[in-house]
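In what follows, a single structure is set out as structure tokens and then discussed.
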There are 2 protein chains.
Amino acid sequence: MYFYRVNSNTEENYLKAIYLLTDGIREVNPKDVSEHLGVKMPSLNSMMKRLAEKELVSHTSYKPIKLTDKGRKIAALIIRKHRLTEMFLVERMGFGWEEVHEIAEQIEHIKSPLFFQKMNEILGSPKQDPHGSPIPDANGEVAEMNYPKLSESKENQKLRLVAVNNSSEDFLKFLNARDISLGLELKVLDIESFDGSMSVEFADQRTQTLSQIVCDRLLVTPIK
Amino acid sequence: MYFYRVNSNTEENYLKAIYLLTDGIREVNPKDVSEHLGVKMPSLNSMMKRLAEKELVSHTSYKPIKLTDKGRKIAALIIRKHRLTEMFLVERMGFGWEEVHEIAEQIEHIKSPLFFQKMNEILGSPKQDPHGSPIPDANGEVAEMNYPKLSESKENQKLRLVAVNNSSEDFLKFLNARDISLGLELKVLDIESFDGSMSVEFADQRTQTLSQIVCDRLLVTPIK
DNA sequence: ATAACAACTTAGGTTAGTCTAACAAAAAAG
DNA sequence: CTTTTTTGTTAGACTAACCTAAGTTGTTAT
Ligand SMILES: [Mn+2]
Ligand SMILES: [Mn+2]
Ligand SMILES: [Mn+2]
Ligand SMILES: [Mn+2]
């Protein structure tokens, strides 16, 4: 019978960062992780030693970082808790999708399997979070959805907005102000070749021009 | 314009412990606080220095400890978050009253005023937690309810169970097993003078004998 | 009043998690 | 193929939160 070693919140945040930068499976350069977390390289470096010691990451000097199977599973389960929380906050507590990330960043570390089990039941085992990101299952398995960006679409294509790439409050408020939310149907009318901006028509006939930066952050799926 | 200094989870736990041992206003001996928190005296001692430095407690060497007004308010607001959380877990997430304390112990430290505001709204500004303890208001003011213990009641008195003194999982499971929950009406039939145990009759005619230890933990109010 | 004991404080050590400064390796530029 | 720049590592310092061991103060018991 093994003892279940609990990781600190900080360790969990490092694991999650690596997961998000690698989809769990690729490698990532230390610098990118340190920037993602907002810590300096020596902090990253000593944490990698600890996590390597615990066999949650594999890392040899001057080489990129990768999660081990064990590390990947732990990270996926933290992300599961994060996304379940976001869904719960939106669906059961009346939060807007732009308000939930910071709170979920904290609640994901709550030590209580039952708490997240209850959330999951209440929500009916949701498969996506409020931003369209997939929720890993209770074993840490993720159904990878590889939706294309709106910016990669062609003219006249009819699309449905299924996820956003970026959950920053500013960006989501920008979308709110324009009544752009998940599930929205749209058609690409025109693509400006010199700046990559797109004119799109929404289901309710509204027409808007979206900058390339915005189009890069909207994930879509073709319809009809 | 003042900057709002955030306290660490640990600092919050110390403040809360002192509050619970003093009702916010009395003094308490360092030893009692250290035992309540499960830390050794030197840990308590150095934390008292920090909190005194921050003007949240007043403490001079070899004297008992007291919260300052500032410290009392902060502590009451943490207790508010704790009890709101317990209520939310029971009322909106289907937890039993015996399951919520440990989770609330963690969630009380979540940094998000909006999160607790939403909880409060959803619950309709509850005045008590699932164990009958009063929930401080948003200014940290508490309506002190001084319910007597069942053990202090006289024979033939009709009573309603309004709170429990102790929220340990074991005790609450003991009550669950006997279908004893808040609101239950009961009558004291008989008091054993040599061990302080009581025979009580519940509203549904069931009759039980409760040990003094149990009767000490049940808070009641007279009816009719 | 003095001894014994419990409560409290001080000194100093540990681990987690961060940082800056200095150095080493790898990658990019010339 | 050097030189420069960027990336990564090591060393060492700092704070928060804990501990043990040793000494002090205050309180009870004789
Ligand atoms: Mn998020
Ligand atoms: Mn987090
Ligand atoms: Mn509680
Ligand atoms: Mn707590």
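The structure displayed is predicted, hence computed values, not measured ones. A note on names: the letters A, B, ... follow the listed sequences, proteins ahead of strands, and every chain is numbered from 1.
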### Message
Testing the 3.5 Å rule here: is there a donor-acceptor pair between the side chains of B/H101 and B/H131?
### Response
no
### Task
Identify whether any heavy atom of B/K49 sits under 4.0 Å from a base atom; if not, whether one sits that close to sugar-phosphate; answer base, sugar-phosphate or nothing.
sugar-phosphate
### Query
In terms of heavy-atom contacts, does CD of B/E152 have more than 12 from other residues, nucleotides or ligands at under 6.0 Å?
yes
### Query
Under 4.0 Å between a side-chain N or O of A/S8 and OP1 or OP2 of C/dA16?
no
Which atom pairs, one a donor and one an acceptor, fall under 3.5 Å between side chains of residues 40-47 of chain A and the rest of the protein, sequence neighbours left out?
from, atom 1, to, atom 2, distance (Å)
A/S46, OG, A/P42, O, 3.3
A/S46, OG, A/S43, O, 3.2

Please table the atom pairs, donor to acceptor, closer than 3.5 Å between any side-chain atom in residues 91-99 of chain A and protein atoms at least two apart or in another chain.
from, atom 1, to, atom 2, distance (Å)
A/W97, NE1, A/N176, OD1, 2.8
A/E98, OE1, A/N176, ND2, 3.2
A/E99, OE1, A/G96, N, 2.8

### Query
Within this structure, what is the CD1-to-P distance between A/I65 and D/dT7, rounded to whole angstrom?
14 Å
### Message
Nearest whole Å is fine: how far is C/dC19 C1' from A/L44 CG?
### Response
14 Å
### For atom OH of B/Y62 and atom P of D/dT24, their distance in whole Å
9 Å
### Message
Does this structure show an ion pair linking A/E105 with A/K16, if we count only N-O contacts that are shorter than 4.0 Å?
### Response
yes
### Message
On the nucleotide C/dA16, are OP1 or OP2 found under 4.0 Å from the side-chain N or O atoms that A/Y14 carries?
### Response
no
### Query
Do NZ/NE/NH1/NH2 and the carboxylate oxygens of A/E53 and A/K49 come within less than 4.0 Å?
no
#### Entry: Integer-rounded Å distance: D/dC18 P and B/E11 CD
10 Å
### Task
When you get a sec, tell me which of C/dC8, D/dT9, D/dC19 is the closest nucleotide to the side chain of B/V39?
D/dC19
#### Entry: Sidechain N-carboxylate O distance under 4.0 Å for A/E169, A/K173
yes
### Query
Heavy atoms under 4.0 Å, any strand shown: does B/S43 hit a base, just sugar-phosphate, or nothing?
base
### Query
In whole Å, what is the span from the NZ atom of A/K40 to the P atom of D/dT6?
15 Å
### Task
Send over the distance from B/M41 CE to C/dG12 C1', rounded to a whole Å.
18 Å
### Task
Using heavy atoms and a sub-4.0 Å distance, could you list which residues of residues 16-29 of chain A are near DNA chain D? By number, please.
A/N29
### Message
Whole angstroms only, please: what is the CE-P distance between B/M47 and D/dC19?
### Response
11 Å
### Message
Once you apply a heavy-atom cut-off of 4.0 Å, does A/P30 come out as touching a base, just sugar-phosphate, or nothing?
### Response
sugar-phosphate
### Query
Rounded to the Å, how far apart are B/M48 CE and D/dC18 C1'?
14 Å
### Nearest-neighbour nucleotide for the A/H59 side chain, D/dT20, C/dT18, D/dT9 considered
D/dT9
### Message
If you assign B/E35 and A/S46 each to the DNA chain C nucleotide with the nearest heavy atom, which residue ends up on the more 5' nucleotide?
### Response
B/E35
